[in-house]
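In this chain, numbering begins with 1 at the start of the sequence shown.
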Amino acid sequence: SSYLEFFQKESLGKAYGSRKEAMEEEFASLRVLMQLFEQKKAGAISMEFAARDWRMTRLHMEGRGGQSSPVGRICRLLDLNGGERTAVLLSLAFREGRITGEGLARIRGDRKKETASLAAAELLSEFLMELESGPGRIRPEKAALLFADGWKSEGMLTETPLTLRARILDEISGTEKAGRLSGVLGSFCRRRSFGEELPALLVHGGLLERVKGMCGENGDSKDWTLCLLGAWGSGRELLARHLAAFLGRDLLMADEGLLDRQPLADPFQEAERELLLECLLTGSLLYLVRPEEKSFYRLRRELSGLIVTGLLPEEAGSVREAGEKDSDSMEFLLKESICLELPQPTAEEKAGLWEHFLGECAHEADLEPRPLGSKYVLNAGGIRRTLYAAKKWAAGDGREQIGAEDISWAVHQSQAGQLGNFAVRVDCVFGWEDLIVEEKARRQLTYICDQMKYRSIVGNQWGFFEKMPYGRGLSALFYGPPGTGKTMAVQVIAKDLGLDLYRVDLSRMVSKYIGETEKNITALFEKAKHMNVVLFFDEADSFFSRRSEVKDANDRSANAEVAHLLQKLEEYEGI
């Protein structure tokens with residue numbers, strides 16, 4: 001009996017004392033299989049005796065906790081069948097000299113074939129299927145996942161040695177370095193351990209609790225995708241990290257846009273296999289940024305449970321606009337996902353963010369969080385980046401504390417050039433002392449500034465915004481003869497508020513083509529709503545015209561442009 005030859009009966013039922021002992025018995029089971037194959041091939045034993053002997057071997061392994069051995073654990077995590085397990089053991093045993101090339105040649109019936117190849121593994125897996133009367137054929141996709149060259153179609157026929165992936169070898173030997181990602185995986189992926197200390201989630205706490213509830217009631221056991229829509233710095237990654245910590249899993253953040261794509265004959269990308277292998281072996285929650293369609297579906301097919309993805313709102317908008325006409329569109333992601341948008345923080349939340357981040361740096365005493373939250377259109381990431389730039393700017397001047405001017409400079413630098421050709425920045429050189437106007441006009445100008453400075457108090461604290469879903473912005477019309485100071489007054493307001501002033505270039509806004517002017521208007525306000533600027537329409541009478549009676553197509557187009565402009569002005573929350 002092969003079983004009696006390779007195993008000690010008294011060890012049955014005793015748990016493995018060490019990883020080494022477990023592997024010794026795994027190799028012993030492989031040698032049993034090889035001996036039974038040779039004996040059956042030579043006609044020395046019947047299939048009935050071979051099946052009985054193999055059944056005793058498997059019962060012995062299971063009695064000692066076969067699933068707790070390193071190979072058993074990998075088979076469970078990767079969902080490997082008996083043939084694939086045999087291929088793993090064959091590669092390991094040949095690599096460590098536990099089986100000889102001579103023994104492999106006898107199995108193959110050819111003295112020249114002394115390599116542990118996929119062809120040899122297939123012979124043993126087919127014999128295993130006869131012994132166990134069940135499926136056990138090596139699947140190409142599993143071979144691709146396990147072996148460095150297993151993805152090659154001709155690899156099933158060649159005699160090149162089976163080479164297990166380095167990640168598999170690390171898992172078996174127990175030398176995996178926690179937190180470290182090497183090779184191609186390290187070039188586009190980061191790991192966040194759920195055990196490490198997490199920054200506080202200062203906004204979107206309610207959204208996190210709702211997502212936790214979605215993962216409860218066995219929700220995490222089902223295959224579903226959560227797509228987080230939010231601007232840069234809105235906290236998408238931090239929300240995903242808190243969710244992973246709640247689930248007790250590491251977070252793998254993968255951005256396939258960082259990969260240097262090379263044309264391969266391989267139908268599956270090597271990077272995807274490494275990513276899939278890491279997720280399966282560690283049980284990590286996967287966070288995908290800008291995934292490709294084929295890659296997404298392959299990972300979705302192999303990974304059970306929740307996958308989190310991230311998109312910028314403008315990316316989602318372009319996806320919906322492009323639809324199926326654009327082959328590069330990520331419409332598939334929106335169709336397959338539960339989308340959750342992370343909104344811009346309210347004035348109260350921004351004040352809390354400013355207070356939190358200002359507490360981490362030295363600043364002047366008159367720098368108050370609430371006015372900053374009302375003044376600047378910044379999310380958590382934008383505030384953090386602004387304060388970092390302001391600290392560097394102050395340090396360049398030999399100062400340890402940052403002031404309002406440093407923050408204003410940092411905000412200006414972060415948004416320089418974002419309006420492109422639609423508007424030109426104007427340097428605000430005039431102050432209140434330069435503006436000579438009558439007292440009534442000066443009082444109205446100060447009201448404009450005060451409304452912007454205190455609108456968070458009036459709108460949010462006093463509750464006036466509760467019934468105002470739109471129309472929260474401020475639009476002012478300055479009129480008068482040339483030279484009376486209209487442009488100077490605009491500069492005074494922008495300087496007093498510490499905001500950049502941009503003069504809209506009307507020549508670039510208006511187009512002779514129907515519909516283009518409306519597109520330009522939309523693009524201008526979409527860009528401006530994420531910036532901290534004052535928009536200045538100079539010589540506005542050429543653009544803000546009275547809607548006239550429709551007599552021809554030109555009148556209809558002109559009226560549509562004016563109506564669209566007024567609509568966007570009402571939606572805009574800036575100045």
Engineer: I want to check something: taking the side chain as every heavy atom from C-beta on, are Leu497 and Lys453 in contact at a cut-off of under 4.5 Å?
Structural biologist: yes

Engineer: At their closest point, which heavy atom of Ala231 faces which heavy atom of Asn379, and how far apart are they?
Structural biologist: CB-ND2, 4.2 Å

Engineer: Using every non-hydrogen atom in the two residues, find where Thr282 and Arg191 come nearest and quote the distance to one decimal.
Structural biologist: CG2-NH1, 3.8 Å

Engineer: Is any side-chain heavy atom of Leu286 closer than 4.5 Å to a side-chain heavy atom of Leu303?
Structural biologist: yes

Engineer: So with a 6.0 Å cut-off around CD of Glu355, is the heavy-atom count from everything else above 12?
Structural biologist: no

Engineer: List the steps, then state whether side-chain contact (heavy atoms from CB on, under 4.5 Å) holds for Phe525 with Leu535.
Structural biologist: CA-CA 9 Å; Phe525 283 102; Leu535 287 180; 3.9 Å; yes

Engineer: State, to 0.1 Å, how close Asp538 and Leu506 come at their nearest heavy-atom pair, and which atoms those are.
Structural biologist: O-CD1, 3.5 Å

Engineer: Any side-chain heavy-atom pair from Met509 and Ile521 closer than 4.5 angstrom?
Structural biologist: yes

Engineer: If you count the non-hydrogen atoms of other residues, nucleotides and ligands that lie under 6.0 Å from CD in Glu400, is the total more than 12?
Structural biologist: no

Engineer: Kindly give the heavy-atom pair with the smallest separation between Leu358 and Pro369, and that separation in Å.
Structural biologist: CD1-CG, 4.4 Å

Engineer: Please determine which of Leu499, Ile448, Thr446, Leu501 meets the side chain to side chain contact (heavy atoms under 4.5 Å, CB included) test together with Ile493.
Structural biologist: Ile448

Engineer: What's the spacing between Arg192 CZ and Asp250 CG if we round to 0.5 Å?
Structural biologist: 11.5 Å

Engineer: Among all residues two or more places apart in sequence or in another chain, which pass the side chain to side chain contact (heavy atoms under 4.5 Å, CB included) test with Ala390?
Structural biologist: Ile402, Asp406, Ile407, Ala410

Engineer: Salt bridge check, Arg241 against Glu196: does any charged N sit closer than 4.0 Å to a carboxylate O?
Structural biologist: yes

Engineer: Please check this pair: side chain of His204 against backbone of Ser234, looking for a donor-acceptor N/O pair closer than 3.5 Å.
Structural biologist: yes

Engineer: Does atom NZ of Lys392 have more than 12 heavy-atom neighbours, drawn from other residues, nucleotides or ligands, at distances under 6.0 Å?
Structural biologist: no

Engineer: State whether the number of non-hydrogen atoms from other residues, nucleotides or ligands found under 6.0 Å of Gln413 atom CD is greater than 12.
Structural biologist: yes

Engineer: Could you walk me through whether Thr522 and Lys568 satisfy the side-chain contact (heavy atoms from CB on, under 4.5 Å) test, starting with their C-alpha distance in whole Å, then the side-chain angles of each, then the deciding distance to 0.1 Å, before giving a yes or no?
Structural biologist: CA-CA 7 Å; Thr522 300; Lys568 289 300 175 183; 3.7 Å; yes

Engineer: Is the backbone N or O of Leu342 less than 3.5 Å from a side-chain atom of Arg236, with the two atoms forming a donor-acceptor pair by type?
Structural biologist: no

Engineer: Would you call Glu348-Arg370 a salt bridge at under 4.0 Å N-O?
Structural biologist: yes

Engineer: Just so I know, are the side chains of Tyr297 and Glu336 near enough to count as touching, which here means a heavy-atom distance under 4.5 Å?
Structural biologist: yes

Engineer: Looking only at non-hydrogen atoms, find the nearest pair between Ser408 and Tyr376 and report the distance.
Structural biologist: CA-OH, 3.7 Å

Engineer: Using salt bridge (charged side-chain N to carboxylate O under 4.0 Å, His left out), reason through Asp505 and Arg503 one step at a time and then give a plain yes or no.
Structural biologist: CA-CA 6 Å; Asp505 191 341; Arg503 178 189 286 114; over 6 Å; no

Engineer: Do Leu202 and Glu349 have side-chain heavy atoms sitting under 4.5 Å apart?
Structural biologist: no

Engineer: For Leu367 and Gly403, which heavy atoms make the closest approach, and how far apart are they?
Structural biologist: CD1-C, 4.1 Å

Engineer: Using modelled atom types and a 3.5 Å cut-off, is there a donor and acceptor pairing between side-chain atoms of His242 and backbone atoms of Pro199?
Structural biologist: yes

Engineer: Quick one: SG on Cys449 to CG on Leu474, what's the gap to the nearest 0.5 Å?
Structural biologist: 9.5 Å

Engineer: Using modelled atom types and a 3.5 Å cut-off, is there a donor and acceptor pairing between side-chain atoms of Lys486 and backbone atoms of Pro481?
Structural biologist: yes

Engineer: If you count every heavy atom of other residues, nucleotides or ligands that lies below 6.0 Å from Arg384 atom CZ, does the total exceed 12?
Structural biologist: no

Engineer: Are Arg167 and Glu274 ion-paired here, with the side-chain N under 4.0 Å from a carboxylate O?
Structural biologist: no

Engineer: Taking NZ, NE, NH1 and NH2 as the nitrogens, is one of them in Arg190 or Glu237 under 4.0 Å from a carboxylate oxygen of the other?
Structural biologist: yes

Engineer: Using side-chain heavy atoms (C-beta onward) and a distance below 4.5 Å, is Leu299 in contact with Phe296?
Structural biologist: no

Engineer: Before giving the answer on side-chain contact (heavy atoms from CB on, under 4.5 Å), spell out for Val429 and Gln491 the whole-Å C-alpha distance, their side-chain angles and the decisive distance to 0.1 Å.
Structural biologist: CA-CA 7 Å; Val429 297; Gln491 292 190 35; 4.0 Å; yes

Engineer: Within the supplied structure, the quantity of interest is the number of heavy atoms (other residues, nucleotides, ligands) at a distance under 6.0 Å from Phe464 CZ; does it exceed 12?
Structural biologist: no

Engineer: Does the side-chain contact (heavy atoms from CB on, under 4.5 Å) test come out yes or no for Thr225 and Leu288, once each step is laid out?
Structural biologist: CA-CA 10 Å; Thr225 305; Leu288 286 171; over 6 Å; no

Engineer: Should the heavy atoms of other residues, nucleotides or ligands under 6.0 Å from CZ of Arg210 be counted, would the total exceed 12?
Structural biologist: no

Engineer: Report yes if some heavy atom in the side chain of Leu566 is under 4.5 Å from a heavy atom in the side chain of Ser475; otherwise report no.
Structural biologist: no

Engineer: Nearest 0.5 Å, please: how far is CG in Leu228 from CG in Leu238?
Structural biologist: 11.0 Å

Engineer: Within the supplied structure, the quantity of interest is the number of heavy atoms (other residues, nucleotides, ligands) at a distance under 6.0 Å from Phe478 CZ; does it exceed 12?
Structural biologist: yes

Engineer: Between Asp223 and Arg300, is there a donor-acceptor pair closer than 3.5 Å when you use the side chain of the first and the backbone of the second?
Structural biologist: no

Engineer: Which value, rounded to the nearest 0.5 Å, describes the distance between Tyr388 atom OH and Glu360 atom CD?
Structural biologist: 13.5 Å

Engineer: Does any non-hydrogen side-chain atom of Phe430 lie less than 4.5 Å from one of Leu435?
Structural biologist: no

Engineer: Roughly how far, to the nearest 0.5 Å, is the OG atom of Ser414 from the CH2 atom of Trp409?
Structural biologist: 9.5 Å

